[in-house]
Amino acid sequence: MIEKLKNSDLEIAKKMRLIFQASYKVEATLLNATNFPPLKRPLENYTESNTEFYGYSINKVLAAVVEIDINNNYILIRSLVVHPDFFRQGIAGKLIKFVFETFKSNLFVVETGLENGPATKLYEKFGFVEVHQWDTNHGIRKIKFEKHTKNKTSI
């Protein structure tokens with residue numbers, strides 16, 4: 001089940017942060033990163049964020065979260081995290097489909113670490129195309145993907 005999460009609620013934000021932390025620990029390992037800024041994201045950043053969070057729950061247990069940043073030009077999938085206990089169950093794909101069905105835009109954008117093979121394969125599977133690579137100031141090579149659609153923007 002996918003539902004919008006009220007990130008300003010402290011208890012919900014704590015549950016979300018647990019998913020982010022568990023998932024980003026795995027990504028940091030994939031990227032061989034010792035300094036991984038997403039792992040340093042404070043709880044207040046969740047509760048005070050203007051982005052939209054949607055959670056995927058299984059038997060009332062939060063298993064995954066997608067964070068969406070909406071603007072007039074495109075939809076940014078700011079974060080897409082699945083708790084490691086729920087890896088390889090198709091949850092990330094369901095969340096991407098949800099984003100495409102819920103938010104109508106001509107352009108969807110997502111970024112990840114270049115060495116995050118599972119994420120790269122997932123985004124390519126859903127029609128995202130690499131548009132840019134760069135090195136961050138914390139030693140991680142990142143990759144940006146875009147997916148152009150024929151949807152009319154109606155955000």
Side-chain angles (χ1 to χ4, degrees), residues 2 5 7 13 15-58 62-151 153 155:
I2 299 173
L5 300 173
N7 57 294
K15 289 178 184 177
M16 289 172 25
R17 188 170 187 269
L18 287 173
I19 306 297
F20 275 79
Q21 290 289 302
S23 183
Y24 280 139
K25 283 179 185 173
V26 173
E27 184 174 11
T29 301
L30 286 172
L31 301 177
N32 199 24
T34 53
N35 178 19
F36 195 54
L39 284 172
K40 299 174 185 175
R41 187 175 182 183
L43 183 61
E44 298 77 31
N45 189 272
Y46 295 91
T47 58
E48 298 171 6
S49 179
N50 292 323
T51 57
E52 294 186 16
F53 294 88
Y54 294 86
Y56 186 99
S57 297
I58 298 174
L62 187 61
V65 178
V66 64
E67 180 180 7
I68 305 296
D69 196 347
I70 302 168
N71 69 54
N72 292 333
N73 300 317
Y74 59 90
I75 302 296
L76 174 64
I77 299 174
R78 184 167 295 283
S79 301
L80 175 58
V81 293
V82 177
H83 191 282
D85 290 348
F86 298 96
F87 279 1
R88 308 232 187 295
Q89 295 182 28
I91 296 170
K94 290 176 184 176
L95 283 169
I96 289 176
K97 286 179 187 174
F98 170 81
V99 169
F100 290 157
E101 292 168 0
T102 304
F103 302 97
K104 302 304 177 198
S105 179
N106 291 321
L107 178 61
F108 292 85
V109 178
V110 67
E111 299 173 359
T112 191
L114 180 64
E115 298 299 320
N116 187 341
T120 296
K121 287 177 187 171
L122 177 72
Y123 299 136
E124 289 174 341
K125 175 182 170 184
F126 281 91
F128 284 90
V129 176
E130 176 185 339
V131 293
H132 183 62
Q133 288 187 23
W134 72 101
D135 293 313
T136 65
N137 60 0
H138 47 274
I140 297 171
R141 183 110 179 128
K142 288 198 68 176
I143 184 170
K144 178 179 180 180
F145 294 95
E146 293 182 352
K147 178 179 173 118
H148 294 269
T149 67
K150 295 179 183 170
N151 292 324
T153 305
I155 301 168

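In what follows, residues are counted from 1 in the order of the sequence shown. Atoms considered below: every heavy atom in the structure, side chains included; atoms not considered: hydrogens, waters and symmetry mates. Being a predicted model, the structure only gives us computed values, none of them experimental.
Here Ile68 contributes atom CD1 and Leu76 contributes atom CG; the two are 8.0 Å apart, rounded to the nearest 0.5 Å. Here the straight-line distance linking atom CD1 of Ile19 with atom CG of Leu62 works out to 4.5 Å at 0.5 Å rounding. Between the OG1 atom of Thr120 and the CD1 atom of Ile143 there is a distance of 5.0 Å, given to the nearest 0.5 Å. Note: Asn116 CG to Lys142 NZ = 10.5 Å, rounded to the nearest 0.5 Å. One finds the CD1 atom of Ile58 at 5.0 Å from the CD atom of Gln89 (value rounded to the nearest 0.5 Å). Here the NZ-NZ distance, from Lys125 to Lys121, works out to 12.0 Å after rounding to the nearest 0.5 Å.
More than 12 heavy-atom neighbours from other residues, nucleotides or ligands sit within 6.0 angstrom of NZ on Lys40. Heavy-atom contacts from other residues, nucleotides or ligands closer than 6.0 Å to CG of Asn35 number more than 12. A 6.0 Å sphere centred on CG of Asn50 holds no more than 12 heavy atoms belonging to other residues, nucleotides or ligands.
Between the side chain of Arg17 and the backbone N or O of Arg41 there is at least one donor-acceptor pair closer than 3.5 Å. The backbone N or O of Glu52 lies less than 3.5 Å from no partner atom in the side chain of Glu67, so there is not a single donor-acceptor pair.
Below 30°, between 30° and 60°, or above 60°: for Phe98 and Phe103 the angle between ring planes is above 60°, a perpendicular geometry. Classification of the Phe53-Tyr46 ring pair by plane angle, with boundaries at 30° and 60°, yields tilted. The aromatic rings of Phe20 and Tyr24 sit tilted, their planes meeting at an angle between 30° and 60°.
Inter-residue side-chain proximity for Glu115 and Leu30 is flagged as unmet; no heavy-atom pair is nearer than 4.5 Å.
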Practice task
Please report the C-alpha distance between Val99 and Phe126 in whole Å, then the side-chain angles of each, then the deciding distance to 0.1 Å, and finally whether the side chain to side chain contact (heavy atoms under 4.5 Å, CB included) criterion is met.
Solution key: CA-CA 11 Å; Val99 169; Phe126 281 91; over 6 Å; no

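For the residue pair Glu27 / Thr112, a side-chain donor-acceptor distance below 3.5 Å is found, with atom types taken as modelled.
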